[in-house]
Amino acid sequence: MKRSLSLLLSLALLCALLAGCAGQSYCPPAPDDEDSVVDQSAVSRCRVVSVSDDNVLLLADVDSERGGIYTLDAGELSLEHDQAELGELLDDGQLAVGALVEVAFGGDILESYPALFGGVERITVLPDGFDDRCALYLRVLDDLWGKDEGLNGDVKYISVDLAATSLTPAERSAVAWTFAQAHDAMPLELNYEQLCEEGYISGLTGEDVFPAWENGILFTITETDDPVVFNLPDSAEGGETPSMAQYNVKNTVSFDASKWRTALGAYGFSECVAVQNNNGVWGDYNINGAEWIS
């Protein structure tokens with residue numbers, strides 16, 4: 001009798017708990033239920049923007065509107081995970097620049113810059129997500145740096161304006177940070193007008209107006225709507241236009257690029273074109289317009 005009464009009370013308590021959870025998306029387990037586990041992990045989708053020689057990844061959160069970028073030391077991570085599995089991802093190039101990955105972590109975001117994931121649990125390479133446009137634009141920036149190198153002297157700040165590109169906010173921030181760090185400068189993401197508004201540009205007023213950035217240099221890449229034309233075999237009369245995928249072309253981009261230091265110190269490329277293959281890799285770019293200097 002006592003056992004039956006206990007069962008009835010237990011059932012009544014269970015019904016009450018279920019009723020209390022009605023209409024809610026989640027009910028926590030009872031505090032004394034040692035077998036229940038609440039999953040506290042979070043997942044971020046990130047683009048691999050750079051991989052250092054000692055396997056430190058620079059990641060850009062592609063879903064972030066705030067431009068969140070992170071560093072992740074894959075060497076340290078391998079101590080907590082299956083070292084062979086992570087080593088395979090690194091060795092066979094799956095964790096290469098351009099890869100799209102999911103990072104599962106169970107801790108807080110550590111507020112450095114770039115930020116750090118706390119308690120990383122897993123890295124998953126997402127299939128069909130590869131796109132190394134960040135690497136393409138870093139090559140363009142490096143090429144601009146090598147042109148008219150006298151403009152690069154005594155640089156404390158480097159501003160990289162990629163607002164007119166199809167990169168996500170975080171990818172733009174990661175490219176700016178990577179490029180500025182490579183040249184021992186502080187990264188900014190301001191355009192010319194913003195630099196003027198915030199007081200970086202001198203010589204804007206007075207009798208002899210001569211805009212100049214005394215301790216910085218501005219790099220700009222602007223994607224354009226210029227069409228990319230291919231010389232392809234003519235399709236048979238009345239036939240369908242062939243898919244570009246059969247020629248190993250997934251995407252194309254047209255852009256202009258420049259660097260600016262003063263009103264009479266600037267350099268640029270115009271009418272540049274690059275092609276992305278079916279695997280998501282961007283090839284070398286061609287400069288079809290003028291290379292100008294002022």
Side-chain angles (χ1 to χ4, degrees), residues 39 41-52 55-74 77-78 81-106 114-115 117 120-140 162 164-178 221 223-225 227-228 230 232 240-255 272-286:
D39 185 5
S41 63
V43 176
S44 290
R45 283 199 320 146
C46 297
R47 179 78 60 198
V48 180
V49 177
S50 70
V51 182
S52 70
N55 292 328
V56 175
L57 311 179
L58 178 66
L59 304 175
D61 187 337
V62 297
D63 297 323
S64 170
E65 296 182 358
R66 303 185 304 276
I69 66 175
Y70 309 90
T71 54
L72 193 157
D73 190 333
L77 187 65
S78 66
H81 294 69
D82 187 332
Q83 189 167 356
E85 180 180 349
L86 185 60
E88 288 173 5
L89 290 177
L90 292 165
D91 292 341
D92 65 13
Q94 291 191 59
L95 278 178
V97 172
L100 186 64
V101 301
E102 278 187 349
V103 179
F105 60 100
F117 292 111
V120 174
E121 301 168 353
R122 172 177 50 85
I123 299 177
T124 304
V125 178
L126 301 179
D128 304 322
F130 189 93
D131 188 331
D132 64 350
R133 192 184 298 239
C134 290
L136 168 65
Y137 287 154
L138 280 168
R139 293 199 300 271
V140 174
L162 301 173
T165 71
S166 54
L167 297 181
T168 67
E171 288 172 330
R172 298 198 298 262
S173 295
V175 169
W177 186 86
T178 300
I221 298 177
E223 293 181 4
T224 68
D225 295 327
V228 179
F230 296 90
L232 300 176
E240 296 183 359
T241 302
S243 168
M244 294 303 294
Q246 75 181 65
Y247 298 104
N248 199 24
V249 175
K250 181 179 182 180
N251 199 0
T252 63
V253 66
S254 303
F255 60 90
C272 302
V273 170
V275 176
Q276 184 187 39
N277 69 20
N278 291 339
N279 294 322
V281 178
W282 288 92
D284 292 334
Y285 66 98
N286 295 317

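Within the 4.5 Å cutoff, no side-chain heavy atoms of Val97 are placed close to those of Val49. Side-chain contact between Ser50 and Leu57 is absent, with no heavy-atom pair separated by less than 4.5 Å. The shortest side-chain heavy-atom distance between Val140 and Tyr285 falls under the 4.5 Å cut-off. Residues Val175 and Leu162 are in side-chain contact: their nearest non-hydrogen atoms beyond the backbone lie under 4.5 Å apart. The shortest side-chain heavy-atom distance between Leu100 and Phe130 does not fall under the 4.5 Å cut-off.
If you look at Phe230 and Tyr247, their ring centroids are not closer than 6.0 Å.
Partners of Asn277 according to the side chain to side chain donor-acceptor pair (under 3.5 Å) rule, which considers only residues two or more places apart in sequence or in another chain, do not exist here. The side chain to side chain contact (heavy atoms under 4.5 Å, CB included) search around Val56 returns Ser52, Asp54, Thr71, Asp73, not counting sequence neighbours. The side chain to side chain donor-acceptor pair (under 3.5 Å) search around Arg133 returns Ser166, Glu223, not counting sequence neighbours. Residues meeting the side chain to side chain donor-acceptor pair (under 3.5 Å) test with Asp63, sequence neighbours left out: Arg45. Ala164 is linked by a side chain to side chain contact (heavy atoms under 4.5 Å, CB included) to Thr222, counting only residues two or more places apart in sequence or in another chain. In this structure Tyr137 satisfies the ring-ring contact (aromatic ring centres under 6.0 Å, His included) test together with Phe255, sequence neighbours excluded. Applying the side chain to side chain donor-acceptor pair (under 3.5 Å) test to Ser44 and every residue at least two apart in sequence or in another chain returns nothing.
In this structure a side-chain-to-backbone donor-acceptor pair under 3.5 Å is present from Arg47 to Gly129. At least one donor-acceptor pair under 3.5 Å links the side chain of Asn278 to the backbone N or O of Ala245. Side-chain N or O atoms of Asp131 include none that pairs as donor or acceptor with a backbone N or O of Ala99 at under 3.5 Å. Side chain of Arg122 to main chain of Ala104: no donor-acceptor pair is present (N/O by atom type, distance under 3.5 Å, no hydrogens or angles).
Summarising the geometry of Ala170 relative to Gly68, their closest heavy-atom pair is CB-O, 3.3 Å, with the distance given to 0.1 Å. The heavy-atom pair separating Glu171 from Cys134 by the smallest distance is CB-SG, 3.7 Å. Closest heavy-atom contact between Ile221 and Thr165: O-CG2, 3.4 Å. When all heavy atoms are compared, the tightest approach of Leu136 to Ala274 is CD2-CB, 3.9 Å. Considering all non-hydrogen atoms of both residues, Phe117 and Leu72 come closest at CD1-CD1, 4.2 Å.
Atom CD1 of Ile69 and atom CH2 of Trp177 lie 6.5 Å apart (nearest 0.5 Å).
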